[in-house]
Amino acid sequence: MIDLKAARQEPDRFRTALARRDAEQDFEALLRADASWRELTERVDKLRAAQKRRPKSAPTPSEIDELKRAKDELRRSEDELGQAAAQRDALLARIPNLPHPSAADGWTDEDAIELRTWGEKPEFGFTPKDHLELGSPRGWIDMARGARMAGSRFAYRFGDVALTEMAMYRFVIDRLAAKGFMPVLGPVLASEKPMYGTGFLPTDESNLYSLEKDHLYLTGTSEVALAAIHMQEILELDALPARYTAFSTNFRREAGAAGKDTRGMFRVHQFDKIEMYVYCLPEQSEELHDELLANEEELVQALGLPYRVVNIAVGDLGASAAKKYDIEAWFPTQGRYREITSCSNTTDYQARRLNIRFRRDGRTETVHTLNGTGVTARSLLAIMENFQDERGVVTVPEVLRPYGAPATLGAAPE
RNA sequence: GGAAGCGUGGCAGAGCGGCCGAAUGCACUCGCCUUGAAAGCGAGCGUCCCGCAAGGGACCGGGGGUUCGAAUCCCUCCGCUUCCGCCA
């Protein structure tokens, strides 16, 4: 959530920033709700103070009558205060993070700004096949069985494709661990608190699978589990920055994506991902955002995929992000770049909701957090498309072979 | 899933319904002592909210209730421990 104290002190800065993502009306409503909350707080605190000055031992009967009246008044005021707080908090929960000045202007993915490109788009002397055409005939990727098992947008992967995917995850974890990221395996089910804290609730509820009976949600990213590690903690200064990387399966309902990317396993309800997550000092987050992006580029380059980097438009950001970079790999059969990784600086937005602080000079401050994709199955799809030959044989990136991937997908043994 | 017990400050551990935001020990910080360290001695040492400040308020797992008054009584939820059952 945004810093309400700061918002009171410099409302204009917040107004201007939030207007870029169309949240200024909510912000005005929040300021009004906050003002009435503060008034009530003052009143209630005074009444409580009066009541605390009660006799320190058993009062007389006449004193008790007096105290009873005071109690009633206090209770009424407390009820009002509770309502005011609920109203203020509901508004606060919906206000998105302040966009970073350098985040791109605009409202949709079309408004993203291309920062750079890397690698050579492949030239084929034949019509390239997409991952499904390559994978389906040989039984590597099976959407039909996925559908029979769980419905549309679920994929089975078999054999060498399954092995290559696993090699990719292990490779990325290795590289990140070498850079000081602590490998993590965590829960993929989360209760309401971490979902709220990471900003997926309340705004993204329609994209979450929920288990009503148990009051749990399936997480759409291990960002949730990684953010929750230090929930409600006060970290020591020398523990920061703290870098984590997790493997997890992720679940997304893809509400609102009907008809989009319906073919193959490009956009599915369940996919696996390596995630990076960092907790840091406020003054470090911009630099660490660059570090996460650099890590992502290094990994994509190691796989050899042609890509571009884009700065996402503020109107297209998730609630908690101040700024976001996506890496988009070239997909020959689509003739365009498509998102394969993404990294966000969420500044203090998630940390404030999750109540994650650190101690400095005897005071507590809110940490900054960032998240980014290590790799997902989408990169494998890009590998299949970019590195295929006329026979439909895919050359697997060299770096994956020590991790159990075959040299090629589909080649006859030499 | 069944039975019992327990949840207090960084940890350990007290706490008759009013004198408890909370004893005590350990840890930690600062100072003294010491060539240095340890020991010893002295002081300090939770978080949050409102307020420019002075100051005021809240918090003893979460929520609700009883009471003039609750860490202390009641309800409920959550978590943990032990025993039984089941199980990768």
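Within every chain, numbering begins at 1; the chains are lettered A, B, ... in the order of the sequence lines, protein sequences first and strands thereafter.
When the C1' atom is compared between B/rU8 and B/rA4, the two are found 22 Å apart, to the nearest whole Å. Going from the C1' atom of B/rG9 to that of B/rG21 covers 9 Å, rounded to whole Å. Across the P atoms, B/rG61 and B/rG13 are found 15 Å apart, a figure rounded to whole Å. Separating the C1' atom of B/rA58 from that of B/rG1 is a span of 40 Å, rounded to the nearest Å. The P atoms of B/rU67 and B/rC84 are separated by 45 Å, rounded to the nearest whole Å. Rounded to a whole angstrom, the distance from the C1' atom of B/rU82 to that of B/rC28 is 34 Å. Distance noted for atom P between B/rU47 and B/rA38: 26 Å (whole Å). Comparing the P positions of B/rC59 and B/rG2 gives a spacing of 34 Å, expressed to the nearest Å.
Just one residue in the list A/R48, A/R43, A/Q83 forms a side-chain hydrogen bond (donor to acceptor under 3.5 Å, both in side chains) with A/E78, and that residue is A/R48.
Taking atom NZ of A/K46 as the reference point, atom P of B/rA58 lies 15 Å away to the nearest angstrom. Per the geometry, CD belonging to A/E236 stands 18 Å off P belonging to B/rA27, to the nearest Å. One interatomic measurement links the two molecules: CD of A/Q232 to P of B/rG10, which rounds to 13 Å at whole-angstrom precision. Rounded to whole Å, the distance from NE2 on A/H215 to P on B/rG63 is 18 Å. B/rU29 atom C1' lies 15 Å from atom CG of A/D238, rounded to whole Å. Atom pair A/E233:CD and B/rC11:P shows a separation of 11 Å (rounding to whole Å applied). At whole-Å resolution of the value, NE2 in A/H230 and P in B/rG10 are 17 Å apart. When the C1' atom of B/rG62 is taken as reference, atom CD of A/E192 falls 13 Å away, rounded to whole Å.
Annotation: side-chain hydrogen bond (donor to acceptor under 3.5 Å, both in side chains) contacts of A/R145 (sequence neighbours excluded): A/D142. A/N207 is linked by a side-chain hydrogen bond (donor to acceptor under 3.5 Å, both in side chains) to nothing, counting only residues two or more places apart in sequence or in another chain. Residues passing the side-chain hydrogen bond (donor to acceptor under 3.5 Å, both in side chains) test with A/E275, sequence neighbours excluded: A/K273. In this structure A/Y244 satisfies the ring pair (Phe, Tyr, Trp, His ring centres under 6.0 Å) test together with A/H230, A/Y279, sequence neighbours excluded. Not a single side-chain hydrogen bond (donor to acceptor under 3.5 Å, both in side chains) links A/K324 to another residue, sequence neighbours left out.
Taking only side-chain nitrogens and oxygens, A/K71 comes nearer than 4.0 Å to OP1 or OP2 of B/rG69.
For the atom pair CE of A/M276 and OG of A/S222, the computed distance is 11.0 Å after rounding to the nearest 0.5 Å.
Nucleotide B/rG42 forms a Watson-Crick or G-U wobble pair with B/rC30, both donor-acceptor distances falling under 3.5 Å. The nucleotide B/rU24 finds its pairing partner in B/rA12, both defining distances of the Watson-Crick or G-U wobble pair being shorter than 3.5 Å. Searching all strands for a Watson-Crick or G-U wobble partner of B/rA3 with both distances below 3.5 Å returns B/rU82. The base-pairing partner of B/rG18, taking Watson-Crick or G-U wobble contacts with both distances under 3.5 Å, is B/rC68.
The two residues A/R267 and A/E254 make their nearest non-hydrogen contact at NH1-OE1, 3.3 Å.
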Can you pull every protein N or O that's under 3.5 Å from an N or O on nucleotides 46-52 of chain B?
unit_1 : atom_1 : unit_2 : atom_2 : d
B/rU47 : OP1    : A/R359 : NH1    : 2.6
B/rU47 : O3'    : A/R357 : NH1    : 2.7
B/rC48 : OP1    : A/R357 : NH1    : 2.6
B/rC48 : OP1    : A/T364 : OG1    : 2.5
B/rC50 : OP1    : A/R8   : NH1    : 2.5
B/rC50 : OP1    : A/R8   : NH2    : 2.9
B/rG51 : OP1    : A/R38  : NH1    : 2.4

